[in-house]
Amino acid sequence: MTYQYSQRVPESDEDPVGNILKVAGSPSVISFAGGLPAPELFPIAALKKVTNEVFDQSGRQALQYSAAIGHPGLRQQIVKRMGREGVDTQIENVMITTGSQQSIDLVAKMFVNPGDTVIVEKPTYLCALDVFRSYGAHIVGVEMDENGMRMDALEKAVADNPNTKFIYTIPNFQNPTGRTMTADRREKMVEIADRADIMIMEDDPYGAIRFAGDDIEPIKFYDRNERVIYLSTFSKILAPGLRLGWIVAEKNFIKKCTLMKQSADVHSDNLTQHIVAKFMEEYDINEHINKIKKVYRQRERVMMTAIETFFPKGVNYSHPEGGLFIWVEVPGDIDTKELFDTCIKHDVAFVPGEPFYPDKVIPGTFRLNYSNMSEDQIKTGIKRLGTAIKETIGVQV
Ligand code: PMP
């Protein structure tokens with residue numbers, strides 16, 4: 001029979017990114033494609049220990065249904081973490097979600113009617129674009145430079161789209177570019193949003209993983225009118241399989257959002273919330289994050305040196321001070337999907353730039369991940385990639 005799906009369901013069954021990850025997942029391929037954290041850094045022994053303690057001390061509670069807003073012990077830990085980041089907040093302003101992906105979905109669901117405008121960085125996180133599309137948003141991409149979203153371009157986008165509901169931004173070590181928005185642009189963004197009376201969705205999964213340069217306060221720090229909805233997650237600082245994230249926002253918004261979440265999944269896994277709360281009580285998560293930073297810093301350095309050695313002249317790339325990604329721009333009009341096919345023949349993979357663009361695609365762009373491969377794999381993989389680029393753009397190998 002023909003299923004009469006809603007407009008939210010994409011017509012096409014194509015999954016180009018899924019296909020890329022599948023090909024990249026072959027054991028012979030050195031893959032810089034996924035955004036996977038280094039699994040050898042997951043604190044397995046500590047999580048095992050606190051899991052046993054949760055079962056011993058509060059098994060009945062942890063296995064029971066619980067409140068959609070989340071486990072108070074975990075929310076309290078998040079209040080403390082946010083304080084460290086310069087955001088002074090209260091437990092009523094914090095809710096737990098099933099990862100930032102759910103947070104993006106819930107916020108979009110709460111604001112977007114079909115045809116409403118959502119302003120995003122160009123390029124941006126492709127799974128956020130999928131969410132916004134599913135709610136029928138008109139997505140407007142704003143140019144970036146090395147310092148994040150350009151504020152002159154944002155002002156124009158806001159002026160041209162009076163039906164804008166919110167700006168979606170990833171200010172720290174952005175996915176896919178690895179770029180970070182400067183403090184003055186963060187302040188300016190709040191000023192622009194205040195003037196136009198629109199919301200800001202600040203998606204910050206990577207901010208804690210700064211391995212170089214100085215910390216910059218979140219956009220939420222500049223928020224005077226409770227228009228910034230701040231999202232973060234345990235995926236990159238602990239483990240993505242836990243599926244736990246959080247939202248910090250105005251308390252009445254949190255109440256409404258909790259109702260929406262209740263309809264979606266009743267509450268996030270209560271046992272996991274107890275485990276992570278216990279982990280944060282007993283261990284210093286910042287010590288754990290420091291270990292992650294050290295390893296990623298080293299891998300990023302190795303990748304950068306290999307890029308400088310093996311990529312042809314004229315290829316541009318971002319210089320991340322944290323997070324998981326480097327963005328590459330090859331001059332000319334090369335189709336990075338074709339480059340991807342050439343790379344697979346050389347047993348190396350990346351994600352082509354195309355799916356990260358909300359509208360017009362800039363050719364020759366792609367994303368590299370450095371968190372998930374060993375230093376030796378990074379050196380070998382980048383050498384192979386350099387050869388494939390040279391072959392594609394016609395430089396003597
Ligand atoms: N936002 C961004 C920018 C991301 O890169 C990701 C995942 N890599 C997410 C949200 C979703 O993360 P989570 O695992 O918390 O759902």
Side-chain angles (χ1 to χ4, degrees), residues 13-42 123 125-127 130 173 175-178 205-206 209 235-236 239-241 292 295-312 315-318 320 323-330 334-357 361-395 397:
D13 282 337
E14 271 183 41
D15 179 9
V17 178
N19 291 342
I20 286 164
L21 295 178
K22 208 162 111 196
V23 180
S26 149
S28 60
V29 173
I30 295 180
S31 176
F32 305 125
L36 304 185
E40 63 275 25
L41 296 173
F42 296 154
Y125 175 47
L126 61 100
C127 301
D130 288 341
F173 323 123
N175 184 359
T177 64
Y206 305 108
I209 308 183
S235 289
K236 305 301 180 320
I292 299 175
V295 172
Y296 290 6
R297 168 63 170 172
Q298 187 56 24
R299 290 183 183 179
E300 183 269 344
R301 287 287 84 210
V302 170
M303 186 172 270
M304 216 34 114
T305 307
I307 286 176
E308 283 157 11
T309 312
F310 298 115
F311 278 16
V315 175
N316 287 319
Y317 36 88
S318 59
L324 276 63
F325 306 113
I326 296 174
W327 185 243
V328 182
E329 293 165 330
V330 182
I334 73 154
D335 179 346
T336 40
K337 283 188 295 183
E338 272 171 34
L339 176 63
F340 179 83
D341 293 339
T342 310
C343 279
I344 288 298
K345 290 187 197 134
H346 288 271
D347 281 333
V348 63
F350 55 76
V351 181
E354 184 178 328
F356 298 103
Y357 285 95
V361 177
I362 311 282
T365 55
F366 60 89
R367 188 191 77 178
L368 292 174
N369 164 271
Y370 48 79
S371 59
N372 192 246
M373 290 284 134
S374 71
E375 292 178 29
D376 280 346
Q377 285 171 313
I378 292 174
K379 282 184 212 158
T380 311
I382 294 295
K383 188 172 179 194
R384 290 178 189 171
L385 185 49
T387 307
I389 296 174
K390 286 173 191 164
E391 268 178 31
T392 307
I393 63 175
V395 175
V397 184

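Atoms considered below: every heavy atom in the structure, side chains included; atoms not considered: hydrogens, waters and symmetry mates.
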Which distance, rounded to the nearest 0.5 Å, do you find between the [atom1] of [X] and the [atom2] of [Y]?
X	Y	atom1	atom2	result
L41	Y296	CG	OH	6.0 Å
R384	F310	CZ	CZ	12.0 Å
N316	I307	CG	CD1	11.5 Å
I326	M304	CD1	CE	4.0 Å
T336	I362	OG1	CD1	11.5 Å
T177	E329	OG1	CD	9.0 Å

Please report the closest heavy-atom contact between [X] and [Y], naming both atoms and the distance.
X	Y	result
N372	P37	ND2-O, 3.1 Å
S371	L36	OG-O, 2.7 Å
I20	P352	CD1-CD, 3.4 Å
T342	A388	CG2-CB, 4.1 Å
I393	P312	CD1-CG, 3.9 Å
I334	P363	O-CB, 3.6 Å

Legend entry - Pair R367-N175, side chain to side chain contact (heavy atoms under 4.5 Å, CB included): steps then yes or no: CA-CA 9 Å; R367 188 191 77 178; N175 184 359; 2.8 Å; yes
Inset, instruction - Check F325, F173, Y125 against Y206 for a ring pair (Phe, Tyr, Trp, His ring centres under 6.0 Å) and give me the one that passes. - result: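 Only one of F325, F173, Y125 forms a ring pair (Phe, Tyr, Trp, His ring centres under 6.0 Å) with Y206, namely F325.
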Legend entry - Sub-6.0 Å ring centroid separation between F32 and Y370: no
Inset, instruction - Would you sort out whether L385 and H346 count as a side chain to side chain contact (heavy atoms under 4.5 Å, CB included), showing the intermediate values? - result: CA-CA 8 Å; L385 185 49; H346 288 271; over 6 Å; no
Inset, instruction - Could you tell me whether the side chain of K383 and the main chain of T309 form a donor-acceptor pair under 3.5 Å? - result: no
Legend entry - Donor-acceptor contact present, side-chain S31 to main-chain A33, <3.5 Å: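 Answer holds: yes.
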Within a strict 4.5 Å, meaning less than it, do heavy atoms of the [X] and [Y] side chains meet?
X	Y	answer
T392	E338	no
V23	V29	no
F311	V330	no

Inset, instruction - Evaluate the ring-ring contact (aromatic ring centres under 6.0 Å, His included) criterion for residues F350 and F340: first the C-alpha distance (whole Å), next the side-chain angles of each, then the deciding distance (0.1 Å), finally the verdict. - result: CA-CA 7 Å; F350 55 76; F340 179 83; 5.8 Å; yes
Inset, instruction - Check whether more than 12 heavy atoms from other residues, nucleotides or ligands sit under 6.0 Å from atom CD of E40, and answer yes or no. - result: yes
Inset, instruction - Please assess Y357 against T365 for the test side chain to side chain contact (heavy atoms under 4.5 Å, CB included), listing each intermediate value before the final yes or no. - result: CA-CA 10 Å; Y357 285 95; T365 55; 3.6 Å; yes
